[in-house]
Number of protein chains: 2
Amino acid sequence: MAHRKLDREQIIEQALKTLGKSNSFSDFSLRKVATDLQVDVSTLYWHFKNKQEILQAMAEAIIAQVKLPNQQLEWTVQLKQLFSNIFDIYEQYPLAAILMVETIPSSLVRLQLIDRTIAIMTNAGVDEQTAHIAATSIDFLLTGLVIDLMIENRFRQQITTQQDQNLAGHVKKIRELAQTHHLEHMQASIKMRNQFSAKQQFEKGLDLIIDGLKQHTH
Amino acid sequence: MAHRKLDREQIIEQALKTLGKSNSFSDFSLRKVATDLQVDVSTLYWHFKNKQEILQAMAEAIIAQVKLPNQQLEWTVQLKQLFSNIFDIYEQYPLAAILMVETIPSSLVRLQLIDRTIAIMTNAGVDEQTAHIAATSIDFLLTGLVIDLMIENRFRQQITTQQDQNLAGHVKKIRELAQTHHLEHMQASIKMRNQFSAKQQFEKGLDLIIDGLKQHTH
DNA sequence: ACCTGAACACCGTTCAAGT
DNA sequence: ACCTGAACACCGTTCAAGT
């Protein structure tokens with residue numbers, strides 16, 4: 001293709017689409033993005049310094065979509081709404097959570113988001129230190145659950161479509177070990193995972209942390 | 001080298017050492033493990049099916065080192081001791097946390113660990129559902145913090161040893177953005193990260209979740 | 001049974017060369 | 001200013017061949 005077509009925005013847009021098509025994060029490559037753009041890989045290196053910079057821009061584009069809750073609302077409602085929004089976006093871009101882990105939160109949008117999260121708590125009377133660790137905890141819980149969810153879905157796909165005996169073996173093994181070694185709580189956990197959606201589990205975890213926070217408010 | 005030397009145990013032992021020498025998880029490769037073992041890469045494929053299986057065995061070897069707390073102790077003490085032990089092991093093998101994320105917990109040792117964690121809570125009167133989500137939350141908080149810690153250390157190293165302007169730029173940018181956009185809580189967070197160790201932060205997060213759990217016990 | 005060597009299909013990154 | 005093509009140094013994985 002001739003020149004004078006591409007800009008950074010178009011590259012990031014396609015990169016997010018290409019990431020969406022990928023089965024895993026290691027499946028995602030700049031060469032595939034370039035192919036989808038009908039362009040040589042090396043072209044990307046004129047617009048971006050390296051892969052890390054592209055991932056950074058992708059993460060930024062995703063976080064920019066997060067809608068902040070109304071500040072008039074009660075603080076627990078604000079927290080729940082905010083992270084519910086983030087959860088929904090992560091579900092839309094299933095690999096976005098990994099993107100956040102792989103990337104440094106040095107963009108303004110991401111810093112503002114962290115700042116706002118802490119502000120919600122301190123405005124409710126929580127001390128700065130507790131608010132900081134609570135924000136971190138909620139963030140890790142969210143990304144952890146989404147990554148888990150994604151891995152599970154990938155496995156489910158691989159097992160059904162490609163009949164991957166290896167992965168099917170793992171799932172079977174977990175159930176069997178739980179039974180033969182009488183890991184009763186493990187068995188209950190497996191049931192729970194099937195009974196509640198990842199979002200419901202996240203909400204319960206968030207509630208738990210909020211319960212803890214309430215003891216630090218006054 | 002001639003044959004009749006290697007076994008799975010030796011490979012995993014060296015793999016953990018090679019992982020320890022790696023600056024990042026993507027830096028770690030089977031080819032490097034093979035070189036350290038003075039053996040051809042393809043040799044590893046006689047002992048293991050693929051890379052995933054090797055990672056799985058590595059994760060298992062690490063978790064096997066976790067010491068379980070005395071069951072006579074009070075439940076909050078048991079929880080704190082258990083996760084303090086896990087934290088210390090993760091600090092010893094800085095990339096172990098990523099290993100856990102990349103890997104399915106289908107080994108007996110890991111399942112037993114999860115089961116035991118939940119058991120500590122249910123024995124204290126916490127319902128099965130809350131105990132399950134709390135165990136998950138604590139686990140994600142721990143791995144999240146350790147991964148963060150590791151990334152930070154890697155950056156610090158790269159900045160000082162290789163004068164990586166790119167990474168130094170990120171750190172500087174965060175401070176600057178926090179100042180110019182008056183992200184006061186963000187500034188306080190940066191201070192706190194320097195003031196408290198990752199372990200101390202984890203302990204505070206754990207305390208928060210325990211505070212939440214106490215409301216579910218009776 | 002255990003290991004090697006070569007090959008394959010992938011990566012990210014660089015750089016001289018084109019328009 | 002923007003893009004290509006070829007090259008480089010890496011990957012994981014397979015497989016015929018050696019001992």
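To find a chain, count down the sequence lines: A is the first, B the second, and so on, and within it residues start at 1.
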ask   = Does the B/Q179 side chain pair with the main chain of B/E176, one donor and one acceptor, at a distance under 3.5 Å?
value = no

ask   = Can you find a side-chain donor-acceptor pair between A/S84 and A/K199 that sits under 3.5 Å?
value = yes

message = From the set C/dA1, D/dT13, D/dC3, return the single nucleotide nearest to any side-chain atom of B/Y45.
response = D/dT13

inquiry  = Is there a side-chain contact between A/H47 and the phosphate of D/dA1, meaning an N or O under 4.0 Å from OP1 or OP2?
reply    = no

ask   = How far apart are the closest heavy atoms of A/L141 and A/L206, and which atoms are they?
value = CD2-N, 4.1 Å

key: Rounded distance (Å) that lies between atom C1' of C/dT4 and atom CG of B/L6   = 13 Å

query = Of all the nucleotides listed (D/dA1, D/dT4, C/dA1), which has the minimum atom distance to the side chain of A/W46?
reply = D/dA1

ask   = For the residue pair B/A57 and B/F48, what are the closest heavy atoms and their distance?
value = CB-CE2, 4.2 Å

task = In whole angstrom, give the distance that lies between atom CZ of A/F25 and atom P of C/dC11.
result = 14 Å

For the student: nearest non-hydrogen atoms of B/M100 and B/A59, plus distance = CE-O, 3.6 Å

task = Kindly indicate, with the supporting measurements, whether the criterion side-chain contact (heavy atoms from CB on, under 4.5 Å) is fulfilled by A/K21 and A/F28.
result = CA-CA 9 Å; A/K21 290 193 299 181; A/F28 170 81; over 6 Å; no

task = Using only heavy-atom distances, determine whether the side chains of B/S197 and B/Q201 contain a donor-acceptor pair under 3.5 Å.
result = no

request  = Look at the side-chain N and O atoms of A/S42 and state whether any lies under 4.0 Å from the OP1 or OP2 oxygen of D/dT4.
outcome  = no

key: Integer-rounded Å distance: C/dC11 C1' and A/D27 CG   = 12 Å

ask   = Which sits closer to the 5' end of DNA chain D, A/D7 or B/D40, going by the nucleotide each is nearest to?
value = A/D7

query = Separation of B/N50 atom CG from D/dC11 atom P, in whole Å?
reply = 17 Å

note = Stems field, DNA chain D, Watson-Crick or wobble, 3.5 Å, at least 3 pairs, by first number, holds C:4-8 with D:12-16, C:12-16 with D:4-8

task = Salt-bridge test for B/D148 and B/R193: reply yes if a basic N is under 4.0 Å from a carboxylate O, no otherwise.
result = yes

Between the protein and nucleotides 7-10 of chain D, which nitrogen or oxygen pairs come in under 3.5 angstrom?
none

ask   = Can you check the A/E53 CD to C/dT13 P distance for me, whole Å?
value = 11 Å

task = For B/I11 and C/dC3, give me the distance from atom CD1 to atom C1', rounded to whole Å.
result = 11 Å

note = Winner on side-chain proximity to A/L30, out of D/dG12, C/dT13, C/dT4, is C/dT13

ask   = Under 3.5 Å, is there a donor-acceptor pair between the B/E128 and A/H185 side chains?
value = yes

ask   = Whole Å only: how far is the CD atom of B/Q10 from the P atom of C/dC2?
value = 12 Å

Interatomic distance where CD belongs to A/Q52 and P belongs to C/dC11 [whole Å] = 18 Å

